[in-house]
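Worksheet: the structure to be examined is printed underneath.
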Amino acid sequence: MIRDEIISLEKFRPCRISESFHDDGNEIELGEATYDFFRLKGAGRLIWLMLDGKHEIGTIVENICNELSICDYEGMLLDVIQLLQRLEKRKMIVANWDALYKLSLNQELSV
């Protein structure tokens with residue numbers, strides 16, 4: 001059952017709603033309204049850059065696997081969903097972008 005829920009999330013198109021970040025090419029520093037900061041490196045950095053509402057989660061995972069030569073698609077899918085859940089809790093992304101309802105969507109990445 002959980003596998004089916006994860007597979008259905010592959011079609012979500014997450015979009016960042018926070019553009020407060022610094023990218024030095026190796027890591028991205030993200031800031032929140034509460035003035036907390038955290039950094040994303042490697043796959044996390046690449047994921048953040050693709051959170052534009054145009055890439056489906058499945059496409060993001062495929063791109064990361066190709067870019068970093070990772071063969072475990074399902075493992076990477078779980079890692080991507082976990083990162084997206086953290087970003088969603090911090091209200092830095094919308095889980096499933098819709099151009100007409102960007103800020104009012106209440107769809108969560110729950111598994």
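From Phe38, atom CZ reaches atom CZ of Arg90 across 4.5 Å, with rounding to the nearest 0.5 Å. Here the SG atom belonging to Cys71 is positioned 11.0 Å from the CE atom belonging to Met76, to the nearest 0.5 angstrom. For the atom pair CD1 of Ile47 and CG of Leu87, the computed distance is 8.5 Å after rounding to the nearest 0.5 Å. A distance of 12.5 Å separates CE in Met92 from CG in Leu84, rounded to the nearest 0.5 Å. Between Glu56 atom CD and Asn96 atom CG the span is 9.0 Å, to the nearest 0.5 Å. Rounded to the nearest 0.5 angstrom, Leu30 CG and Ile28 CD1 are separated by 6.5 Å.
Screening residues 41-54 for salt bridge (Lys or Arg N to Asp or Glu O under 4.0 Å) gives Asp23-Arg45 as the qualifying pairs, with residues at least two apart or on separate chains.
In terms of heavy-atom proximity, Leu77 sits nearest to Glu10 at CD2-OE2, 3.8 Å. Between Ala95 and Glu88, the shortest heavy-atom distance links the atoms CB-OE2, 3.2 Å. Scanning all heavy atoms of the two residues, the minimum distance from Trp48 to Arg16 falls at O-NH1, 2.6 Å.
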Side-chain atoms of residues 60-70: list all donor-acceptor pairs with protein atoms under 3.5 Å, sequence neighbours left out, distances to 0.1 Å.
| unit_1 | atom_1 | unit_2 | atom_2 | d |
| --- | --- | --- | --- | --- |
| Asn63 | ND2 | Thr59 | O | 3.4 |
| Asn66 | ND2 | Glu62 | O | 3.3 |

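The salt bridge (Lys or Arg N to Asp or Glu O under 4.0 Å) check on Arg39 picks up Glu27, Glu29, with sequence neighbours excluded.
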